[in-house]
Amino acid sequence: MNFIEEVKWRGMLHNIMPGTEEILKEKNVAAYVGIDPTADSLHIGHLVSVMLLKHFQRAGHRPVAVIGGATGMIGDPSGKSEERNLLTLDTIKHNQEAIKKQLEKFLDFSEDKENKALLLNNYDWMSKFSFLDFIRDVGKHITVNYMIAKDSVKKRMNASGDKDAEGLSFTEFSYQLVQGYDFLHLYKEHNCKLQMGGSDQWGNITTGTELIRRMLQGKAYALTSPLITKSDGKKFGKTEKGNIWLDPEKTSPYEFYQFWINTGDDDAEKYLKIFTILNKDEIENLVKEHKEAPHTRILQKKLAEEITVMVHGKTAYDTAVTASQILFGKGTKEQLETLDEKTFNDVFEGVPHFTVKKEIIEKGINIFDLTAEITPVFKSKGEVRRLIKDKGLSINMEKFLNPDEPINKKHLINDKYIVIRQGKKKYSIIITE
RNA sequence: GGGGGGAUUCCGGAGCGGUCAAACGGGGCAGACUGUAAAUCUGUUGGCACAGCCUUCGGAGGUUCGAAUCCUCCUCCCCCCA
């Protein structure tokens, strides 16, 4: 299966220039995607482009990721209704380093590999350009007429009749030209004949192919992926807390795993095709199995496993699974007791912690004083009382039903913690010291 | 400037002298169901020493055995007329 067939059945193909498939039959053809260094981590919205590169490499071609050090200083007007904040050079440098480490999880950069991946920063070639040189050597070849015909520009022009249009600065207007020049540069230096990206990038990419045609009489190609949608119409890749990042500091492996596990049935197959490298047969089998027993949620589990292992590694994945089992009520007191301190902390990361003097527990204390007086686990003792009455309070995974039962030493997990659960999934931890 | 209406527990909104910690709806919390979903159903939703007591109905006083409910003043909101 060649690259195009691969992305096609995976539903990753939105638009493609005629002739693209043929050019890939040539040797040593490279393709690139651009990545904006707006943060010091990729988020899962970037993943489609990254997966395009991964498939590209697996098909034997050379993938190139271009960090937009220069373009990031300008801001792509595509899809934005307002002028963007500019990033400083230092920020971009920092972000680039972090992103590079993440890309290494998807792409093979090793020197001995014939089609090793490349990571470039367009700042390296753009920064040498003087303004005059650029507008003379590059700008000369593209007309403003051509540039303003692009949707991304049109949407921002007041003349479009859109009342919300805020206009765009010359800086942002120039964006497509700068990105187009990137393509030209890569075409010349790295035999890069294809640029890929999200469907919103089509306009920018074609400016590049146009530039290559006019300046070098060369032929370059474009391929875009559809924007990822969710069947419920909500935006993909966001939770109440915001973006899902690849950086474990920003989104813990547990949250990351949970994000994928929570995929709806309607989306799971689609995501499995896009975000994993499982082949057609494997996915079809999973879909079949899932249909026979929907409640076991095979698709979601596999999806979460594949991606979490790829991004965070097997160990982090195992911890996330354990954490999920414990946090979603299937855990037991015994399971809690077997956790080592590190895993315990991982599992209960992000859960409110309260510290209490150990003597207090050793002496024994009633549940009301412990959770509503000396710690603010609950708002009031009445709330605790109600919760017990409603069978909604658990201590160390065991239902706490008798309000008169004192909390003491025997409730300490590993001689240190008490795990308090309200309802099904709201946790608090009391730590003794 | 004149006239009228209103301010209630997280929100909306009843209550108009005792039976009011205050109807009802929403939201929240919990339980059942379930796939860590949606829907549904049930309970609960001021505090505490919880079959009892304490503090709440814009604020301050007053009438009364007793006030969210009546009176006075104050603050803020809305409507109508000029």
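Throughout, a chain's letter reflects where its sequence line sits, starting with A, and its residues are numbered from 1. This structure is a prediction, so every number in the text was calculated from the model and none was measured. FYI, side chains are in, hydrogens and waters are out, and symmetry mates aren't considered; it's all heavy atoms of this structure.
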J.: Map A:Gly392 and A:Tyr254 onto RNA chain B by nearest heavy atom, then report which one ends up closer to the 5' terminus.
T.: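 Upstream on the strand: A:Gly392.
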J.: If I pick the C1' atom on B:G26 and the same atom on B:U19, what distance separates them, to the nearest angstrom?
T.: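 Pairwise C1' distance, B:U19 against B:G26, rounds to 28 Å.
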J.: What integer number of Å spans the C1' atoms of B:C10 and B:G5?
T.: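 Between the two C1' atoms, the distance is 26 Å.
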J.: For the pair A:His43 and A:His46, name the ring-plane relationship: parallel under 30°, tilted 30 to 60°, perpendicular over 60°.
T.: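 Answer is tilted, since the angle falls between 30° and 60°.
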J.: If you look at every strand shown and take non-hydrogen atoms under 4.0 Å, does A:Leu393 touch a base, only sugar-phosphate, or nothing?
T.: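 A:Leu393: no heavy atom of the nucleic acid under 4.0 Å.
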J.: When you list every nucleotide of RNA chain B with an atom under 4.0 Å from a heavy atom of chain A, which one comes first 5' to 3', and which comes last?
T.: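 Counting from the 5' end, contacts occupy B:C29 to B:C50.
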J.: Do A:Ser152 and A:Asn204 have side-chain N/O donor and acceptor atoms under 3.5 Å apart?
T.: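 A:Ser152 vs A:Asn204: no donor-acceptor pair found between side chains.
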J.: Assign each of A:Gly264 and A:Gly423 to its nearest nucleotide of RNA chain B by heavy atoms, then name whichever residue's nucleotide is nearer the 5' end.
T.: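 In this pair, the answer is A:Gly423.
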J.: Pick the C1' atom in B:C71 and in B:G17, then give their distance to the nearest Å.
T.: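 My reading of the C1' atoms in B:C71 and B:G17 gives 13 Å.
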J.: Quantified in whole Å, what is the C1' atom distance between nucleotide B:A60 and nucleotide B:C65?
T.: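 B:A60 and B:C65 have their C1' atoms separated by 24 Å.
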J.: Paired with B:U44: which nucleotide, if any, by Watson-Crick or G-U wobble criteria at under 3.5 Å for both distances?
T.: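 Partner of B:U44: B:G28.
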J.: Any non-hydrogen side-chain atom of A:Arg10 less than 4.5 Å from a side-chain atom of A:His55?
T.: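 The answer is yes, as the side chains (C-beta and beyond) meet within the 4.5 Å cut-off.
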J.: Do A:Tyr187 and A:Phe183 have ring centres separated by under 6.0 Å?
T.: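 They do not qualify: ring centres at least 6.0 Å apart.
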J.: For B:U34, which nucleotide in any strand shown is its Watson-Crick or wobble partner with both distances under 3.5 Å?
T.: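 Its partner is none (no Watson-Crick or G-U wobble pair with both distances under 3.5 Å).
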J.: Got a sec, which residues hit ring pair (Phe, Tyr, Trp, His ring centres under 6.0 Å) with A:Phe3, two or more places apart in sequence or on another chain?
T.: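 Ring pair (Phe, Tyr, Trp, His ring centres under 6.0 Å) list for A:Phe3, sorted by chain: A:Phe56.
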J.: Quick check: does any side chain N or O of A:Lys105 sit under 3.5 Å from a backbone N or O of A:Val311, one acting as donor and the other as acceptor?
T.: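 It does hold such a pair.
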J.: What is the base-pairing partner of B:G1, counting Watson-Crick and G-U wobble geometry with both distances under 3.5 Å?
T.: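 With both distances under 3.5 Å, B:G1 matches B:C81.
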J.: Can you check the distance between B:U75 and B:C41, where both ends of the measurement are the C1' atom (answer in whole Å)?
T.: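 46 Å, rounded to whole Å.
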J.: Between B:C74 and B:A68, how far is it from one P atom to the other, in whole Å?
T.: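 That atom pair is separated by 23 Å.
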J.: Over all strands shown, is A:Arg386 touching base, sugar-phosphate only, or nothing at heavy-atom distances under 4.0 angstrom?
T.: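 If one applies the 4.0 Å heavy-atom cut-off, A:Arg386 turns out to touch the sugar-phosphate alone, with no base involved.
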J.: My understanding is that a pair needs two contacts under 3.5 Å, Watson-Crick or G-U wobble. By that rule, which nucleotide pairs with B:A39?
T.: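 By the stated definition (distances under 3.5 Å), nothing pairs with B:A39.
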J.: Pairing check on B:U75: which nucleotide meets the Watson-Crick or G-U wobble criteria with it, both distances under 3.5 Å?
T.: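 B:A7 is the nucleotide pairing with B:U75.
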J.: Identify whether any heavy atom of A:Gly382 sits under 4.0 Å from a base atom; if not, whether one sits that close to sugar-phosphate; answer base, sugar-phosphate or nothing.
T.: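 Base contact.
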J.: For the residue pair A:Leu278 and A:Lys302, establish whether any side-chain heavy-atom pair is separated by less than 4.5 Å.
T.: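 Yes. Closest side-chain heavy atoms under 4.5 Å.
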J.: Please state whether the rings of A:Trp260 and A:Phe256 are parallel, tilted or perpendicular, taking 30° and 60° as the class boundaries.
T.: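 If you compare the ring of A:Trp260 with that of A:Phe256, the planes turn out perpendicular.
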J.: In whole Å, measure the gap between the C1' atoms of B:C81 and B:G27 for me.
T.: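 Pairwise C1' distance, B:C81 against B:G27, rounds to 41 Å.
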J.: Apply salt bridge (charged side-chain N to carboxylate O under 4.0 Å, His left out) to A:Lys357 and A:Glu433, showing your working.
T.: CA-CA 5 Å; A:Lys357 286 262 178 287; A:Glu433 56 167 25; 3.2 Å; yes
J.: Could you work out the separation of B:G31 and B:A38 based on their P atoms and round it to a whole Å?
T.: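 About 15 Å, rounded to a whole number of Å.
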J.: Does anything in residues 371-380 of chain A reach RNA chain B, meaning a heavy atom under 4.0 Å, and if so which residues?
T.: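 Residues of residues 371-380 of chain A under 4.0 Å from RNA chain B: A:Ser380.
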J.: Give a yes or no on whether the backbone of A:Gly423 and the side-chain of A:Arg421 come within a donor-acceptor separation of less than 3.5 Å.
T.: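 Flag set: sc A:Arg421 to bb A:Gly423 pair under 3.5 Å.
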J.: Classify A:Gln422 by what it touches in the nucleic acid, base, sugar-phosphate, or nothing, heavy-atom distance under 4.0 Å.
T.: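 It contacts sugar-phosphate atoms only.
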